[in-house]
Amino acid sequence: MISLTNSQIGELMGQFLLAGTGTLSFAILFACPRRSLPTCALVGAVGWFVYELCVMLGLDTAAASLLAVIPLTILTRVFAILQKTPVTVFLLSGIFPLVPGAGIYYTAYYFIQGDNALALSNGISTFKVAVALAVGISLVLSIPLPPRHRSG
């Protein structure tokens with residue numbers, strides 16, 4: 001059984017709120033439809049929450065990213081159907097917290113500094129996370145939707 005301390009639960013809640021705020025800001029920057037902004041924030045917050053929970057439970061970043069992007073992508077499909085909005089509105093803004101931007105930055109930084117061993121190490125780790133995100137999104141989006149019955 002998994003047990004979390006009160007401080008870990010508090011940390012997860014704080015991370016959830018901050019991820020939602022960051023995702024909301026990114027959705028506004030990308031000019032997402034106004035009515036979709038709260039759900040964009042929720043998608044990003046849920047993805048980051050699952051990621052952080054997986055990391056707390058001892059998974060590496062690539063595995064945590066894969067497990068986090070699956071519910072995130074499921075939510076994007078659900079909200080896209082409910083709000084009659086393209087999946088990309090929710091997916092592009094919601095994936096924002098999971099994108100390994102720091103890994104990309106440090107890979108380039110170490111490469112420019114001439115520290116090829118660290119550049120390669122960071123580059124491989126970043127590549128694994130990027131592949132995990134792509135695989136998770138592809139898995140969920142490849143599941144066919146049930147046919148819709150039209151009335152009238």
Side-chain angles (χ1 to χ4, degrees), residues 2-34 36-80 83 85-145:
I2 302 166
S3 64
L4 297 173
T5 65
N6 285 338
S7 67
Q8 288 174 317
I9 292 170
E11 166 115 9
L12 282 173
M13 291 299 106
Q15 293 279 333
F16 181 85
L17 293 173
L18 289 172
T21 303
T23 304
L24 176 64
S25 301
F26 195 71
I28 291 169
L29 181 68
F30 264 42
C32 291
R34 211 165 240 226
S36 70
L37 293 177
T39 46
C40 286
L42 180 63
V43 166
V46 166
W48 186 253
F49 177 84
V50 173
Y51 173 82
E52 281 293 316
L53 183 62
C54 289
V55 169
M56 278 185 181
L57 296 175
L59 272 67
D60 70 328
T61 56
S65 296
L66 177 63
L67 290 177
V69 80
I70 291 172
L72 182 147
T73 309
I74 291 169
L75 278 177
T76 63
R77 288 187 87 175
V78 168
F79 290 141
Q83 294 189 9
T85 306
V87 170
T88 53
V89 168
F90 304 105
L91 189 57
L92 287 179
S93 57
I95 199 88
F96 173 70
L98 297 177
V99 172
I104 295 167
Y105 170 81
Y106 284 112
T107 299
Y109 175 79
Y110 291 131
F111 180 73
I112 290 168
Q113 293 296 321
D115 194 342
N116 293 337
L118 273 175
L120 183 62
S121 173
N122 276 316
I124 290 170
S125 176
T126 301
F127 183 73
K128 285 197 253 183
V129 171
V131 168
L133 293 175
V135 166
I137 291 168
S138 298
L139 282 173
V140 174
L141 292 182
S142 67
I143 300 169
L145 291 173

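- Within the model, atoms CG of Leu17 and CZ of Phe49 stand 11.0 Å from one another, a figure rounded to the nearest 0.5 Å.
- Here CG of Leu141 is found 6.5 Å from CG of Leu91. Values are rounded to the nearest 0.5 Å.
- The heavy-atom pair separating Tyr51 from Thr61 by the smallest distance is OH-CG2, 3.3 Å.
- Residues Pro97 and Thr23 form a side-chain contact, since some pair of their non-hydrogen atoms from C-beta on lies under 4.5 Å apart.
- Classification of the Tyr109-Tyr105 ring pair by plane angle, with boundaries at 30° and 60°, yields parallel.
- Every residue two or more places apart in sequence or in another chain that forms a ring pair (Phe, Tyr, Trp, His ring centres under 6.0 Å) with Phe26 is listed here: Phe30, Phe96.
- Legend: side-chain hydrogen bond (donor to acceptor under 3.5 Å, both in side chains) pairs involving residues 37-46, not counting sequence neighbours, sorted by first then second residue: Thr39-Gln83.
- Nearest heavy-atom pair, Leu133 versus Pro100, reported as atom, atom and distance to 0.1 Å: CD1-CD, 4.2 Å.
- Checked by atom type and distance alone, the side chain of Ser121 never pairs as donor or acceptor with a backbone atom of Ala117 at under 3.5 Å.
- By the side-chain contact (heavy atoms from CB on, under 4.5 Å) test, Leu118 is found to be paired with Tyr110, Asp115, residues two or more places apart in sequence or in another chain being considered.
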For residues 68-79, dump all side-chain donor-acceptor pairs below 3.5 Å to protein atoms at least two apart in sequence or in another chain.
unit_1	atom_1	unit_2	atom_2	d
Thr73	OG1	Val69	O	2.7
Thr76	OG1	Thr73	O	2.5
Arg77	NH1	Val140	O	2.7
Arg77	NH1	Ile143	O	2.6
Arg77	NH2	Ile143	O	2.9

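- Nearest heavy-atom pair across Val87 and Ala80 is CG2-CB, 3.6 Å.
- Under the rule for a side-chain hydrogen bond (donor to acceptor under 3.5 Å, both in side chains), Thr126 has no partner lying at least two apart in sequence or in another chain.
- Among residues two or more places apart in sequence or in another chain, the ring pair (Phe, Tyr, Trp, His ring centres under 6.0 Å) test is passed with Phe127 by none.
- What you find for Ser36 and Pro33 is that their closest heavy atoms are OG-O, 2.7 Å.
- Considering only heavy atoms from C-beta on, Ser125 stays 4.5 Å or farther from Asp60 through its side chain.
- With sequence neighbours left out, the side-chain hydrogen bond (donor to acceptor under 3.5 Å, both in side chains) criterion links Ser65 to no other residue.
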Given the rule in the side chain to side chain contact (heavy atoms under 4.5 Å, CB included) test, do Val43 and Ser93 qualify, once you have shown the distances and angles that lead to the verdict? CA-CA 8 Å; Val43 166; Ser93 57; over 6 Å; no

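- The side-chain hydrogen bond (donor to acceptor under 3.5 Å, both in side chains) check on Glu11 picks up nothing, with sequence neighbours excluded.
- For Leu37, the side-chain contact (heavy atoms from CB on, under 4.5 Å) criterion is met by Leu24, Ala27, Ile28, Cys32, Arg34, not counting sequence neighbours.
- Under the 4.5 Å side-chain criterion, counting only non-hydrogen atoms from C-beta, Leu42 is not in contact with Pro38.
- Atom-to-atom distance recorded for Leu57:CG and Leu4:CG is 6.5 Å, nearest 0.5 angstrom.
- Shown here are the side-chain contact (heavy atoms from CB on, under 4.5 Å) partners of Thr5, two or more places apart in sequence or in another chain: Ser7, Gln8.
- Under the rule for a side-chain hydrogen bond (donor to acceptor under 3.5 Å, both in side chains), Ser142 has no partner lying at least two apart in sequence or in another chain.
- Judged as a side-chain contact (heavy atoms from CB on, under 4.5 Å), and not counting sequence neighbours, the contacts of Phe111 are Asn116, Ala119.
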